[in-house]
> 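Got a structure for you, questions after.
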Protein chains: 2
Amino acid sequence: MVNNKIPQATAKRLPLYYRFLNNLHIQGKDRVSSKELSNAMKVDSATIRRDFSYFGALGKKGYGYNVDYLLGFFRKTLDQDENTPVALIGVGNLGTAFLNYNFTKNNNTKIEVAFDADPSKVGKSIGKIEVHHVDDLEAHIGDIQVAILTVPVSEAQPMTDRLIQSGVKGILNFTPARITVPNDVRVHHIDLAVELQSLVYFMKHYPLDVE
Amino acid sequence: MVNNKIPQATAKRLPLYYRFLNNLHIQGKDRVSSKELSNAMKVDSATIRRDFSYFGALGKKGYGYNVDYLLGFFRKTLDQDENTPVALIGVGNLGTAFLNYNFTKNNNTKIEVAFDADPSKVGKSIGKIEVHHVDDLEAHIGDIQVAILTVPVSEAQPMTDRLIQSGVKGILNFTPARITVPNDVRVHHIDLAVELQSLVYFMKHYPLDVE
DNA sequence: AAAAAGTCGTGAAATAATTCACGAACGAGT
DNA sequence: ACTCGTTCGTGAATTATTTCACGACTTTTT
Ligand SMILES: NC(=O)c1ccc[n+]([C@@H]2O[C@H](COP(=O)([O-])OP(=O)(O)OC[C@H]3O[C@@H](n4cnc5c(N)ncnc54)[C@H](O)[C@@H]3O)[C@@H](O)[C@H]2O)c1
Ligand SMILES: NC(=O)c1ccc[n+]([C@@H]2O[C@H](COP(=O)([O-])OP(=O)(O)OC[C@H]3O[C@@H](n4cnc5c(N)ncnc54)[C@H](O)[C@@H]3O)[C@@H](O)[C@H]2O)c1
């Protein structure tokens, strides 16, 4: 279960590899080289080979990788067979978009339940997911361990504390707040305003640069 | 203009620093230490000092940093005085959320124009931004250089090519497609499905880990 | 006025990640 | 069966980033 041999940079690329291999599989391709993968995913081919090599020798020299074998391997590694339920907190602009989309393509994660504080949203269903009042969080969250946080920034820390109280161990945080959590809880921040500004900064200050 | 002395990792944190300093300024705080910044932004204090030091000696030993001075400095560095117009392509779930939000808080970026291929969306205004038909892209995009791409994955590459034809130099790409661009165009991928899966992977395989 | 406490800026060390480059192995063609 | 071209896996080099740790200087306290 503990797998600290895999560099974090590699771990972040695994879902990308998985999705791309799945697409190749659907297209009926049975063989692929690190060079082809590199062109398609914009990751250096040596990096791809190095990443794969942490899991052992998955390819054949002079041939490349067998798509089905590799896909099966990553399916197990990423636990794609067991589903991971997710809770969404804050059914506003972003939350609604996520509910409608719901990450179901090539994916083992699914939003199972949503919460909002606004009575006019409670009781509705969006993308087949029912919206509960956030006061009933504890009653409906069950043992879900993953939460997507799309509440106003002022609610971010209080809601985080409550989620952790309910047993949540991972939060995908879209608010600009840098939330504080115990160190057995993992938070990934996706700060869209920062991403946009940072793109602009790079455009102005790193002309002709490579990605 | 060219500023290749600044490490990329540092550059990515600059907008975060700017926003946080702006909040301190609004709160009327006039002094801050790297330690306080570290607690609030969850970035190691030595990293913060190192980041700042690329721009010169901005602080005072034994005192910390003057909030207004630092803020003014970052405002210039991040060109916060000049506005950067942005085009949004694809007014679906995500695109609508972005239009409603529109990045206007503490921010010099603003979506000025939106495009969609669906006639039922064209002509409407969302968050005060008018939606044009994508066929009229060239007529309405003007000299906007930054685009947010929220179209279906199959449209990602064709739309990218067309945007570049129109002079776009930076794309914030929310589609799962790894788009191909000339090397004077910068692309930042935000792959939400990958982010969610990667969070789950880290939760399962790196227990008790630090962020 | 002197001592104590605080904090920056940074050289150097440590850690992390990427990239080069090549030997070994394999497949395909003749 | 042999040769040629391909592609992996990886040691070593390189590059990037973070972190330690301390001297220098400022502010605060007594
Ligand atoms: N929409 C964007 O494009 C965008 C971009 C960058 C950052 N963000 C950030 O993402 C977050 C959500 O943005 P949004 O545009 O969806 O906001 P929004 O205001 O549209 O949605 C927030 C929702 O949370 C609900 N809510 C409020 N308090 C709550 C609570 N205690 N518990 C549960 N629900 C609660 C509100 O009723 C509302 O439905 C914000 O923090 C925002 O800063 C959004
Ligand atoms: N919504 C999410 O939560 C989510 C999560 C992960 C990834 N994504 C990705 O983001 C992208 C957008 O997602 P969405 O949920 O907003 O999709 P969507 O289908 O709701 O929106 C896509 C919009 O693009 C428009 N469109 C189609 N072709 C176009 C063209 N050529 N030019 C301009 N507009 C065009 C459609 O009319 C539609 O309004 C997709 O690629 C999706 O895979 C979305």
Side-chain angles (χ1 to χ4, degrees), chain A residues 3-14 16-17 21 24 29-71 73-74 183 198 202 205-206 209-211, chain B residues 3-14 16-17 21 24 29-71 73-74 178 183 198 201-202 205-206 209-211:
Chain A
N3 195 351
N4 278 318
K5 304 291 170 42
I6 311 299
Q8 303 224 353
T10 297
K12 285 200 186 163
R13 285 187 289 264
L14 296 182
L16 180 63
Y17 294 152
L21 288 168
L24 289 181
K29 213 156 182 309
D30 60 352
R31 159 184 179 177
V32 70
S33 72
S34 62
K35 189 117 176 293
E36 286 175 89
L37 290 171
S38 174
N39 288 334
M41 299 191 296
K42 320 287 177 194
V43 175
D44 186 90
S45 67
T47 300
I48 292 175
R49 292 199 300 282
R50 173 82 57 195
D51 284 349
F52 288 2
S53 79
Y54 292 116
F55 299 99
L58 304 175
K60 265 195 231 170
K61 299 180 180 186
Y63 174 87
Y65 300 91
N66 178 289
V67 171
D68 285 6
Y69 176 76
L70 208 51
L71 182 64
F73 185 85
F74 277 116
N183 80 346
S198 138
F202 276 100
H205 296 84
Y206 296 73
D209 216 313
V210 279
E211 169 90 340
Chain B
N3 195 350
N4 278 319
K5 305 289 170 45
I6 310 299
Q8 302 225 355
T10 298
K12 286 201 186 161
R13 286 186 290 263
L14 296 182
L16 180 63
Y17 294 153
L21 288 167
L24 290 181
K29 213 155 181 310
D30 59 352
R31 158 183 181 178
V32 70
S33 71
S34 62
K35 190 121 173 290
E36 287 175 88
L37 290 172
S38 174
N39 288 334
M41 298 191 299
K42 320 286 176 195
V43 175
D44 185 271
S45 67
T47 300
I48 292 175
R49 292 200 300 280
R50 173 82 57 196
D51 283 348
F52 289 2
S53 78
Y54 292 116
F55 299 99
L58 303 176
K60 260 196 236 171
K61 300 181 179 184
Y63 174 88
Y65 300 92
N66 178 289
V67 171
D68 285 7
Y69 176 76
L70 207 52
L71 183 64
F73 184 84
F74 277 115
R178 295 327 241 207
N183 79 348
S198 138
Y201 182 83
F202 275 101
H205 295 83
Y206 296 72
D209 217 311
V210 278
E211 170 87 340

> Quickly work out the Phe55(B) CZ to dG9(C) C1' distance and round it to whole Å.
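In whole Å, dG9(C) C1' lies 15 Å from Phe55(B) CZ.
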
> Taking OH from Tyr63(B) and P from dA24(D), how many angstroms apart are they, rounded to a whole number?
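To the nearest whole Å, that distance equals 24 Å.
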
> For Lys60(B) and dT27(D), is the shortest distance between a side-chain N/O and OP1 or OP2 below 4.0 Å?
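Answer yes for this pair, as a side-chain N or O of Lys60(B) is under 4.0 Å from OP1 or OP2.
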
> For the NZ atom on Lys35(A), are there more than 12 heavy atoms of other groups (residues, nucleotides or ligands in this structure) within a distance under 6.0 Å?
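At most 12 heavy atoms, drawn from other residues, nucleotides or ligands, come within 6.0 Å of this atom.
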
> Rounded to the nearest angstrom, tell me the gap between atom CG in Leu58(B) and atom C1' in dC8(C).
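For the pair Leu58(B) CG and dC8(C) C1', the rounded distance is 11 Å.
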
> Quick one: closest heavy-atom pair of Ser34(B) and Ile48(B), and the distance?
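Scanning both residues completely, I find the closest heavy atoms to be O-CD1, 3.9 Å.
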
> Using a 4.0 Å cut-off on protein heavy atoms (strictly under), produce a 5'-to-3' string for nucleotides 11-20 of chain C with B for base contact, S for backbone-only sugar-phosphate contact, and - for none.
BB----SSB-

> Please state how far atom CD1 in Ile6(B) lies from atom P in dT17(D), giving the value in whole angstrom units.
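Answer to the nearest Å: 12 Å.
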
> Strictly below 4.0 Å: does Ser34(A) bring a side-chain N or O up to OP1 or OP2 of dC8(D)?
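So the side-chain polar atoms of Ser34(A) do come within 4.0 Å of the phosphate oxygens OP1 or OP2 of dC8(D), strictly under.
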
> Please state how far atom CG in Leu37(A) lies from atom C1' in dC8(D), giving the value in whole angstrom units.
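The distance from CG of Leu37(A) to C1' of dC8(D) comes to 13 Å, rounded to the nearest Å.
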
> Would you check if Leu16(A) and Met41(A) make a side-chain contact, meaning some heavy-atom pair closer than 4.5 Å?
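They are in contact (side-chain heavy atoms under 4.5 Å apart), so the answer is yes.
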
> Separation of Ile48(A) atom CD1 from dC8(D) atom C1', in whole Å?
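Ile48(A) atom CD1 is separated from dC8(D) atom C1' by 13 Å.
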
> Look at the rings of Tyr201(B) and His205(B) and say which category their plane angle falls in: under 30° parallel, 30 to 60° tilted, over 60° perpendicular.
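Ring orientation, 0 to 90° scale: parallel.
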
> Looking at Val43(A) and Ser38(A), what are the two nearest heavy atoms and their distance?
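Closest pair (atom of Val43(A), atom of Ser38(A), distance): O-OG, 2.6 Å.
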
> Please classify the nucleic acid contact of Tyr65(A) as base, sugar-phosphate, or nothing, using heavy-atom distances under 4.0 Å.
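Sugar-phosphate only.
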
> Report the residue from Asp30(A), Leu24(A), Val32(A) that forms a side-chain contact (heavy atoms from CB on, under 4.5 Å) with Tyr65(A).
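Going through the options one by one, the only one that passes is Val32(A).
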
> Indicate the ring-plane relationship of Tyr17(A) and Phe74(A), choosing parallel, tilted or perpendicular according to the 30° and 60° boundaries.
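Aromatic pair Tyr17(A)/Phe74(A) classed tilted.
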
> Figure out the NZ/C1' separation between Lys35(A) and dG9(D), and round it to whole Å.
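Answer to the nearest Å: 18 Å.
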
> Rounded to whole angstrom units, what separation is found between the NZ atom of Lys61(B) and the P atom of dC8(C)?
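So the two atoms are 11 Å apart, to the nearest Å.
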
